[in-house]
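Have a look at the structure below before the remarks.
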Amino acid sequence: MTPTQLVAESQPAKQAADGSKRIVNDFSIQVATVNGSGSQSANSVLLRSIFRMGVPVSGKNLFPSNIAGLPTWYTIRVNKDGWVARKTEIDLLIAMNPETAKEDVLSMKAGGAVIYDEGLKLNELRSDLIFYAVPFDQLTVATGAEAKLRKLIKNMVYVGIAAQLLSIDMASVEETVRKQFAKKVKAAELNLNAVRVGHDYAKSTLTKQDPLAVEALAADHPRNTRGKIIIDGNAAAAMGAMFAGVTVVGWYPITPSSSVVENLIDLMKKYRVEKDGKATFAIVQAEDELAAIGMVLGAGWAGARAMTASSGPGLSLMAEFAGLGYYAELPGVIFDIQRTGPSTGLPTRTSQADLTFIAGLSHGDTKHVILLPGSVKECFEFGMECFELAEQLQTPVFMLSDLDLGMNNWMSEPFDYPEKPISRGKVLSAEDLQRLGGFGRYKDVDGDGIPYRTLPGTDHPLAAYFTRGSGHNEKALYSERPDDYENNMLRLARKFDTAKTLVPKPILEGSGKEKVGILAFGTSHWAIIEARDQLTRESKLATDYLRVRAYPFTQEVHDFVARHDRVYVVEQNRDAQLQSLLKVDLDPAFAVKLRSVLHFNGLPIDARSVSAVIAEEEGVAK
Amino acid sequence: MTPTQLVAESQPAKQAADGSKRIVNDFSIQVATVNGSGSQSANSVLLRSIFRMGVPVSGKNLFPSNIAGLPTWYTIRVNKDGWVARKTEIDLLIAMNPETAKEDVLSMKAGGAVIYDEGLKLNELRSDLIFYAVPFDQLTVATGAEAKLRKLIKNMVYVGIAAQLLSIDMASVEETVRKQFAKKVKAAELNLNAVRVGHDYAKSTLTKQDPLAVEALAADHPRNTRGKIIIDGNAAAAMGAMFAGVTVVGWYPITPSSSVVENLIDLMKKYRVEKDGKATFAIVQAEDELAAIGMVLGAGWAGARAMTASSGPGLSLMAEFAGLGYYAELPGVIFDIQRTGPSTGLPTRTSQADLTFIAGLSHGDTKHVILLPGSVKECFEFGMECFELAEQLQTPVFMLSDLDLGMNNWMSEPFDYPEKPISRGKVLSAEDLQRLGGFGRYKDVDGDGIPYRTLPGTDHPLAAYFTRGSGHNEKALYSERPDDYENNMLRLARKFDTAKTLVPKPILEGSGKEKVGILAFGTSHWAIIEARDQLTRESKLATDYLRVRAYPFTQEVHDFVARHDRVYVVEQNRDAQLQSLLKVDLDPAFAVKLRSVLHFNGLPIDARSVSAVIAEEEGVAK
Amino acid sequence: MATTPVAPAPKAPKLNRIGLQILDYRGGKTTLCAGCGHNAISERITEAFFEMGIQPERVMKMSGIGCSSKSPAYFMSRSFSFNSVHGRMPSVATGALLANKTMRSVAVSGDGDTASIGMGQFVHLMRRNVPMIYIIEDNGVYGLTKGQFSATADIGSKQKTGVVNDLPAIDICALAIQLGATFVGRSFSGDKKQLSAMLKAALAHQGTVLLDVISPCVTFNDHEGSTKSYKYMQEHEEEVGEVGFVPFFEDISVEYDANTTIDVPMHDGSHLRLRKIHEEYAPTDKIGAVKLLNESHHKGEVLTGVFYVDTQKQDFAQLLNLVDEPLATLPESRTRPSREVLTQLMELHL
Amino acid sequence: MATTPVAPAPKAPKLNRIGLQILDYRGGKTTLCAGCGHNAISERITEAFFEMGIQPERVMKMSGIGCSSKSPAYFMSRSFSFNSVHGRMPSVATGALLANKTMRSVAVSGDGDTASIGMGQFVHLMRRNVPMIYIIEDNGVYGLTKGQFSATADIGSKQKTGVVNDLPAIDICALAIQLGATFVGRSFSGDKKQLSAMLKAALAHQGTVLLDVISPCVTFNDHEGSTKSYKYMQEHEEEVGEVGFVPFFEDISVEYDANTTIDVPMHDGSHLRLRKIHEEYAPTDKIGAVKLLNESHHKGEVLTGVFYVDTQKQDFAQLLNLVDEPLATLPESRTRPSREVLTQLMELHL
Ligand SMILES: Cc1ncc(C[n+]2csc(CCOP(=O)(O)OP(=O)(O)O)c2C)c(N)n1
Ligand SMILES: Cc1ncc(C[n+]2csc(CCOP(=O)(O)OP(=O)(O)O)c2C)c(N)n1
Ligand code: SF4
Ligand code: SF4
Ligand SMILES: [Mg+2]
Ligand SMILES: [Mg+2]
């Protein structure tokens, strides 16, 4: 094909041959490629261009645990109803990876469409799919991009082709590209040109046969995405930490948590360095996770708002220190961006299987407070709340996110600026000590189990105390006395009860009057809300749904189970971990109501996996 | 007092002034001293002399977490019925520690007797106790021991005094001393002489006023201790490991587990070094617990029977490796001699609070097999069984003992030599491979979830495989496929079910037909059997009792709960850990029957703490 | 006019430059064995802080786990103390220091706590040159767990039981110098004069001070055949240089012979004066210092003194370019960015 | 009598001394980046084992976590491999070796796996002189987590993002020598000849062999400003001595100049021949070796070659005086004491 043909008079994309009705704003696109090929920004352009038209989208990246050359799949779900959970069926496949092309094509459901490199001859594989052959290399050359950039540019070509076939507004694409390459004008032009080349090629050469189309939502459409943002949970959590006023960070890189701190570093360099160039923070890449949490607890003890972020293996290494934090009562914040375990497991897959382990992280009678964000907005809000709770309760507070939430692209309402001022908990000043004439570090003055503390450096002869992980009495003096030990442990239990009144309450959806309830936490949320819709539409089964947002469980959780006949506990792990914690804490009379819906293959849970099980067990399946 | 008086004509110890009836073979003696004073061997002589008379005894040492100079209490319980649990009331106090003497005396119940150094004037503290003033220093000098030995010898003096007052057979004392100092004849004489000095002094000078007395049990008396041994659980566990054929040991010292390996080192040097002086074992003091368990798993992978022993903080540090062992399916044995946590806690106090933590030790969906010995004999037997199970199941196996069991002196029937030969589990030889034409390392050939393995060095081109903690398929090849991951996790769950059929079954006591049941594990046993006796005698309440000996729970545990109306779960921790695991695993319909009896002040649980709660809740309390 | 004789006023206790008496620096009663080297070190630390006139409330006492690590409870009760976990104190101390860099940090560890389980964190602490004093109370054994060999036990040294150590000792000082510590020395709990001078100089230094103090364990490692016993040290201690110290608040014009003595001006204006004893002694030459230590092992000497000092290298707090005030107590106005910042960020993600 | 011409037999593949071909030593297809130094090292390892004629089934391949630690999957598939956890491979390798000391153990780690999280275990592995080959594929960054600096990154070296490393690099070789490793050298993944010779010599050594192989990360640390790039190595590599190796099964009477070349007879009868290039080079002098390395940093050179070799020191298995056979497979008759022994023990506790 010659350049001249590329600029050939454009023809409108034709309608699907058979007059089958169009599918508008309700399908998913999968880009199959290899990592390191730079398809990320192309995929992001595709995602955001649709988003910019006011149409709800979500983007999930399925990538391997290596750096370059292995299969990667990026899935964009376009859904007018705003469903953003993973959808198992692919409607449009952009097959850029020869290695997986065959399997990718064979796994599609009949009627789907495939954009592929003509060289691959995928059209010979099946007759029940719609195939669009594209001479990618020629088109890439035709963009005029210099050789070393072609690998990257090639991706933008498929963006153009998809845009044309799906009738994505090119103005929207252009805006998106310009914004994405804001600081690099040349790159923007180069990419835009590639998009156009693809677009023109499709326009001039391909015959639209599939029913898929994107249509801008009316400005007043309830689901119009205008005003929304797209962000990943790790970036959101980093923002939360910054606005919480974090000052000391100890971390050790590990997928999928690294980007929490990497985002935080960028933010802090930009917004937390003062005029004189000095930093109001210390971020230290530790030698390992034991050191990372050690720094956090040391800093928390000295009065700083300190945090670390890690994932499974790192959390395991923090076990001993976590117990010290609990028993010596040291504030500290730990983000666990869960990945698929056990052991190294699947480092680039998602999971919710650290819950029970973290709830009792460390030997002995240790219990921890855990926040469970279900959205990027909550990653931001809980990212702040963790610090408040850690200082209020004087204990390590964990936030359990996961790879799906932390590393994928999610739509969200913009985040709200924190209205309540930072509060540092029960800290005594020199003046307080003067007034009180001393204090007992581990004395339960207020009956809430939370003692008072002083910070190192407090200028009063009675300010100092001795912090230790060994037995101590109310005065923080070493003690092996049975009564001192027992009283202290009972106070810690009281403190944990107090935590129940301070952690974020669960959120109820539904009338609250149905017989069937659903309990879940974290990212399972998105599959559940869609599943509830499926159940009402397809099976006429109305359900109530309570999303747990913290451990220990608040009263609402107990009441919810009490009020329903059967409660389905949906979670992304093998061992029904949330259900286990519920069985331990709930009145056993209610535990009998619990049923399990489990999903644990490393992929984010989808709505069908939830609705199918519930419909089946409720005997309303079709 | 002059030596002459010492050899004064001896008079028979007079009866208690008031003709109150004698208390024979049913009382406890507490020796209050400071650690580092060498009282251990004196206490042991006292204990074993009584034991030698055929009378049941138990000895518990309550020592501080330092090396010398702090208060230590050694309690000997003498009980004709064979009850060996801790008894809270002290009948005879030997007050050798000026620092605690006052509190020790004040905490005694009226009528008790006190042997003390006349200098302390303890007799002035209370009028409702019987006091025996003793000029210890003079007597010690009188023994003629050289100055530097006096501190030690002094202890033997109180042995003599107690022996005389309690009419302990001096022949028995002499035998005991001679055996204890078997290799040091001079020392034996020196000590014996000191005992005699004390004995003579008591005989000549003290007037027996207390009712306590030891009387030899008739040879045919059912509880006669003849033929029994006295040993601590750690020594027993070390023997178990040796007879299990352990070959590689990685360890890091920590109280109260150090003596497991220290005993093992002595045993192996004696019995596992061959004629040519070469060792059939490698015992390595690792740099820490992470290294210790790393060595164990590396050795297990290479085919050795490997073990480590530690306690709480060490177990926390093993979390990451424990998950690798589970997921890569590596045999290994870990003894956890539980001490009081959380964190450093009370390093020299006992506890049962590592149970839930170990059951799921590591991030992700990890589950572990745990053996729960309740006696020194089981420390020996399970010490062997752990290795069998670890190789049969190809997974780390934990044995949870505790400080009370591991470091205190317990009577026991002699241990039985293992009758079944060592079996190394599903290991394929070069010949097998030749016959089979290869194998799939993680393939469930037999349907029990347990795959076959080869050992490094197996001389066959198809023998090698790749072991990793990351995702893998049946052929042990790297895989991130959702189906491979899910299938493998389901197989691991099947393997855990198989474990239920292989672990030691629980032991039932009682008719099995009562309404009230008691569930417990480990050392709580000794308090429970005595408590059951109290309940029947005092409250006419008959109970059934099931002692759980392993996790996962076998069918018998479920049946037991199912068969009873109310089941009291007795354990030595704050968070009702055994009950929690039961709630998770039991049919929820039965979970409602569970009640908690908890004891967690660092001291071994006593019978009264059990019977009182149960009697109260059952409404049969007096 | 008073003619009645006045009773002589009771002699006032000695006060330091900030008006405190030695009592203000004392700690709780020791629970360590009588004669344990660690107790002597606690004494020297108490004196050094008193004599240098450091406000106890401005001090953080950090430690791991072990008999040695317990000792912070036995000095300076008016200081803030953190007895953490076994071998991981360096990270805790680093975090605490970053939270409040205006505090003095003095850490006490043991040879087991540092050279076995703690090696990983120790190496990285040295590398970062975190401003603090790290004292190893080195007895070659695990005292608190009853006498097993540690990684500083010399090859060939005997346990009470007769067991011989067949692994080479780790020279903590050579390691620390190699890794980046900026003030490294060894002393002996029994050497009152040298240890005191070194501790005071340590207080004047800005950066990581590593002091390996041989501190005999009288209960488990003070016997014949031990190379960490009082006797062995008395026989084998070799001072590389006599350690003199002139605090900033004293007259510095004290005479010294420039040919035999090296004068090191310290960060706070104090002066460290090192009088050469060992011919090859050159305390500012890193490579030479390591060489000197390595050679001493062959000679079977136990070198003591200040082996290496670098007063120029930036410490970790400086590298991080932290604000002058403690991060721990910065006001919300400086730690929470404005509403506008959030709006900006939201726009970036529209 | 055959008169018909015979077709020439197809050229037979080269066989090594145990009759295997190079194919028998190959591994799986690499998943590392094209051009990654690690891949070149895998190639050299494959060749070395092939040329030395070592039975693949007699080899254990150990590794931690990282791109480097993945590489055992890409060589010698017929050997037994254990890809363990991050930074803790040394303990796993130690256990495996003790279980079966008759196996060859070759371990692959990264600079992050070894010098950061793994430092504690690394130090103690070196100290024990466990008989194994420990290869660090050193690229100064954490490749698998996308390019953060590791503890071997040189001070001042730049990340792609421009971030500069302000902490001193740890010289793994100097450390290893200091701690007790008995064969220590550095090479470069791009230096085929030197690396091959060193690997073969390593196979002839009895004790811990530590090879720090600079192995550029083309994706995250091969740019201008990196001191671990191909370019930087080409410009700054300084051989201390040319490494020659004569395996035991070859004719040793090869000529060499005794004035310029040091001949080191290895444990298995092979000979290591080191031709002096650097004037101060003395590969059997521990103290000198450390000094040489420390000095090289000041000169900004990257020294390569065999820095130190000690063929006399006992390795860990010898220290433990183990029986000749693998402990792993000893028969019950040798691991379970007799019935009499138990009876004896019971009597002691009667
Ligand atoms: C994780 C962990 N492992 C083991 C122990 C047991 N332990 C307490 S102190 C100690 C060694 C102390 O030796 P050292 O640091 O030399 O101090 P010393 O008692 O000799 O002064 C050990 C192993 C522990 N407390 N924590
Ligand atoms: C306990 C734990 N923490 C963190 C990680 C994440 N992680 C994987 S590889 C790696 C660093 C690898 O660096 P290096 O050893 O230099 O190998 P390279 O990839 O550079 O070859 C890290 C931090 C992990 N797998 N386990
Ligand atoms: S055991 Fe040793 S180190 Fe511990 S206190 Fe006693 S003397 Fe000191
Ligand atoms: S990221 Fe770097 S180290 Fe990892 S494979 Fe790619 S080039 Fe090699
Ligand atoms: Mg020590
Ligand atoms: Mg690296």
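Below, read A as the first sequence line, B as the second, and so on, with proteins coming before strands; counting in each chain starts at 1.
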Measuring heavy-atom distances to chain B, does A:Ser351 have an atom under 4.5 Å in its side chain, in its backbone, in both, or in neither? neither
Under a 4.5 Å heavy-atom cut-off, does chain B meet the side chain of A:Leu324, its backbone, both or neither? both
Heavy-atom distances under 4.5 Å only: say whether A:Leu290 touches chain B with side chain, backbone, both or neither. side chain
For chain B, which of A:Ser311, A:Gly341, A:Ala353 has the most heavy-atom pairs under 4.5 Å? A:Ala353
Output for pair (B:Leu317 CG, A:Met318 CE), nearest 0.5 Å, gives 13.0 Å
For residues A:Phe321 and B:Ser316, determine if any side-chain heavy atom of one lies less than 4.5 Å from a side-chain heavy atom of the other. no
Answer with side chain, backbone, both or neither: which region of A:Ala328 has an atom nearer than 4.5 Å to a non-hydrogen atom of chain B? neither
Decide salt bridge (charged side-chain N to carboxylate O under 4.0 Å, His left out) for B:Glu103 and A:Arg481; before the verdict, give the C-alpha distance in whole Å, the side-chain angles of both, and the deciding distance to 0.1 Å. CA-CA 13 Å; B:Glu103 189 174 353; A:Arg481 294 182 59 103; 3.4 Å; yes
Identify which part of B:Gln338 has an atom lying under 4.5 Å from any heavy atom of chain A, answering side chain, backbone, both or neither. neither
Using 30° and 60° as the class boundaries, would you call the ring planes of A:Phe357 and B:Phe357 parallel, tilted or perpendicular? parallel
Output yes when A:Arg339 and B:Glu480 qualify as a salt bridge under the 4.0 Å nitrogen-oxygen rule, no when they do not. no
When rounded to the nearest 0.5 angstrom, what is the spacing between CG in A:Leu598 and CD in B:Glu486? 10.0 Å
Checked A:Val592, A:Asp575, A:Leu582, A:Val584 vs chain B; the most non-hydrogen pairs under 4.5 Å come from A:Asp575
Working to the nearest 0.5 angstrom, can you tell me the gap between A:Tyr478 OH and B:Leu70 CG? 8.0 Å
For A:Gln579, is it the side chain, the backbone, both or neither that has a heavy atom under 4.5 Å from a heavy atom of chain B? neither
Is the shortest heavy-atom distance from the side chain of B:Leu490 to the side chain of A:Phe600 under 4.5 Å? yes
Is it the backbone or the side chain of A:Arg574 that comes under 4.5 Å from a heavy atom of chain B, or both, or neither? both
Which bit of B:Ile358 is near chain A, if near means a heavy-atom gap under 4.5 Å: side chain, backbone, both or neither? neither
Which bit of A:Thr356 is near chain B, if near means a heavy-atom gap under 4.5 Å: side chain, backbone, both or neither? neither
Heavy-atom distances under 4.5 Å only: say whether A:Phe63 touches chain B with side chain, backbone, both or neither. backbone
If I take atom NE2 from residue B:His363 and atom OG from residue A:Ser343, how far apart are they, to the nearest 0.5 angstrom? 5.5 Å
For a 4.5 angstrom cut-off between non-hydrogen side-chain atoms, does B:Met489 reach A:Pro342? yes
Hey, could you give me the CG/CD distance between A:Asp288 and B:Glu320, rounded to the nearest 0.5 Å? 10.0 Å
